[in-house]
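Structure first, then comments.
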Amino acid sequence: MASSDGEKPISTRENTETNAGFSVVKGKRIKLNDPATLAFPPLSIGLGKVPIEEAMPILCKVIKEFIDSHKDQRYFLVLVEEDHEILEYFRQASGNLWTFKSEMPDHCELTRDERLLLRKDVFDDQAMEDDRKCRFIACETTWRLKPDVTPFSRKVYKAAGSDLAKRIKEAYPQPGALGEAYPVSLPPESNIRKNKGIEQIIYVVAPNMNPARSDHLPLDEAKKSLTKSYQSMLNAFWSVANDNDYSPSNSLVTEHNEKKRKSSVEIPVAAAKSSQIHQPRNERSLYSNDWSRVLWEYCSNPEAFPSDIVYHYDDDVVITWDKFPKAQKHLLVMPRRRIEYIDDLKKSDIDTIELLKKKGQWVIDRLKEENAKLDFRMGFHAMPSMRQLHMHVISQDFNAPALKTKRHWNSFTTFFFIPVDNLLDVLRGKGEVTIDNEYYNRLLKGRLRCHRCEKEFKTMPMLKDHIRLHWE
DNA sequence: GTTCTAGAAC
DNA sequence: GTTCTAGAAC
């Protein structure tokens with residue numbers, strides 16, 4: 001199977017997309033004679049005491065999803081388990097998801113698609129002779145990221161050498177999160193790397209149902225966490241196998257919160273300087289919160305979308321229909337070059353914002369030709385959820401089924417909505433934008449008031465009934 | 001961003 | 001009992 005022309009990439013087109021919750025890096029350079037291979041144990045069934053009849057179907061399902069999401073990629077997944085009965089359980093749980101080539105022999109079993117192998121021993125010399133050397137090994141761990149909590153991980157830990165614990169601590173000084181994966185790369189001089197070709201060990205915090213331990217979960221929660229554990233493990237594997245960084249989600253969440261905390265458009269109060277922690281922003285292959293970056297796809301590839309999604313685009317600007325419109329007409333106007341948040345803006349971006357305003361006005365003029373009754377506002381959310389700078393162009397009827405919550409309402413009718421002219425004033429004056437996170441969060445939680453007559457309402461349904469009167 | 005759902009509010 | 005919200009999960 002190994003090719004003699006070695007380094008030839010399968011494809012040079014680089015593109016990340018998601019499929020069934022997995023990040024898929026298309027066409028990354030995978031050396032043909034050095035496939036990405038992950039060896040991993042069944043998680044949570046020993047240490048975590050999740051019943052095997054519950055755990056195995058989850059494992060099968062996640063593997064199936066991963067394989068389906070990575071159809072034209074070359075890699076191997078190797079399930080390693082000493083206990084013959086457990087492997088047999090896996091075969092049974094997998095039903096007819098895969099066709100196994102033969103009855104279970106002692107060490108290596110190929111499935112029909114040649115992506116999944118079962119083995120008794122990760123360091124089996126005979127198995128290591130083939131071209132499917134395990135460049136990556138996953139090990140189960142606890143939230144303290146201890147490297148030696150299961151027989152399998154102890155074995156790997158012993159082989160890796162004693163400085164592994166130190167390397168884990170350096171890479172992840174904070175405790176791990178349940179369901180997350182923590183890849184640790186091995187130094188070139190490490191024995192396990194020199195002799196076995198193992199590059200990284202991926203530590204996975206898997207769920208525990210053992211009542212003797214303090215953090216045990218009920219079955220339904222353990223099952224959810226186990227799914228996530230396997231998904232994180234495979235996502236981490238795929239990221240590092242494609243030379244991407246993988247950031248476990250607990251650190252990502254921290255960065256996100258930090259980022260939001262930092263913010264505060266000058267308009268109400270300047271944020272304290274001490275809160276302006278600059279966080280480096282790395283490129284990351286993402287798994288779960290992909291939704292926060294969907295706008296990037298519109299901006300980088302607007303021609304790929306139909307006109308009921310992308311309203312208009314040119315070299316500098318993309319205009320899309322809001323996917324969940326909060327009024328009769330609701331669009332987003334975005335720069336095509338990547339700007340994440342309004343507090344990334346500098347004086348030099350004034351031209352860009354003016355262009356957004358000009359394009360927004362152009363849209364408004366066109367829409368008013370269709371319906372002269374509509375009136376519009378153009379502006380930005382102080383703390384947006386989506387990661388590309390986007391200016392809302394929204395008609396003021398707020399007559400739309402997707403407008404449901406207090407947060408929705410207040411985000412468009414309080415100072416949380418920063419009109420484009422207001423933003424331009426701040427940029428022209430101060431030259432930068434700071435966002436007071438607490439102030440804006442308070443606005444979102446404030447009382448419900450009609451934007452036309454200031455009348456106050458207790459619930460969203462009552463308010464929605466009322467604003468209809470202004471419209472009709 | 002939405003969806004889901006527990007429990008608060010009525 | 002039903003409606004509605006708010007927070008977690010995704």
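Quick note on labels: first sequence line is chain A, next is B, and so on, each numbered from 1.
Within 4.0 Å of Lys404(A), counting heavy atoms only, lie sugar-phosphate atoms of the nucleic acid but no base atom.
For Tyr298(A) and dG1(B), the OH to C1' distance is 11 Å, given to the nearest whole Å. Atom-to-atom, NE2 of His408(A) to P of dT3(B) comes out at 9 Å; the value is rounded to the nearest Å. Atom CH2 of Trp409(A) and atom P of dC4(C) are 17 Å apart (whole Å). We find that CE of Met462(A) is positioned 15 Å from P of dA9(B), with the value rounded to whole Å. The distance between atom NZ of Lys406(A) and atom C1' of dA6(C), rounded to the nearest whole Å, is 10 Å. Atom CD of Glu180(A) and atom P of dC10(C) are 12 Å apart (whole Å). Straight-line distance from the CG atom of Leu389(A) to the P atom of dG1(B): 13 Å, rounded to whole Å. Distance, Gln231(A) CD to dA9(C) C1': 13 Å, rounded to whole Å.
With dA6(C), dT3(B), dG7(C) as the candidates, the nucleotide lying closest to the side chain of Lys445(A) is dG7(C). Set against dA6(C), dG1(B), dT3(B), the side chain of Met386(A) has dG1(B) as its closest nucleotide. Among the nucleotides dT5(C), dG7(C), dT2(B), the one closest to the side chain of Lys326(A) is dT2(B). Distances from the side chain of Trp291(A) to the nucleotides dC10(C), dT3(B), dT2(B) place dC10(C) closest. For Thr459(A), counting side-chain heavy atoms from C-beta on, the closest listed nucleotide (dA6(C), dC10(B), dC4(C)) is dC4(C).
For the OP1/OP2 pair of dG1(B) and a distance below 4.0 Å, the side-chain nitrogens and oxygens of His381(A) include at least one atom meeting the criterion. At the phosphate of dC10(C), neither OP1 nor OP2 sits under 4.0 Å from any side-chain N or O atom of Lys224(A).
Paired with Leu117(A) under the rule side-chain contact (heavy atoms from CB on, under 4.5 Å), one option of Val78(A), Thr37(A), Leu77(A) passes, and it is Val78(A).
Checked against the 6.0 Å centroid threshold, Phe398(A) and Trp471(A) do not count as a close aromatic pair.
Contact of the Phe376(A) side chain with the Gln396(A) side chain is not registered, since no non-hydrogen atoms from C-beta on lie closer than 4.5 Å.
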After noting the C-alpha distance and the side-chain angles of Leu59(A) and Phe40(A), does the key distance pass the side chain to side chain contact (heavy atoms under 4.5 Å, CB included) rule?
CA-CA 11 Å; Leu59(A) 172 57; Phe40(A) 65 98; 3.7 Å; yes
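The closest side-chain donor-acceptor pair between Thr413(A) and Trp409(A) falls under 3.5 angstrom.
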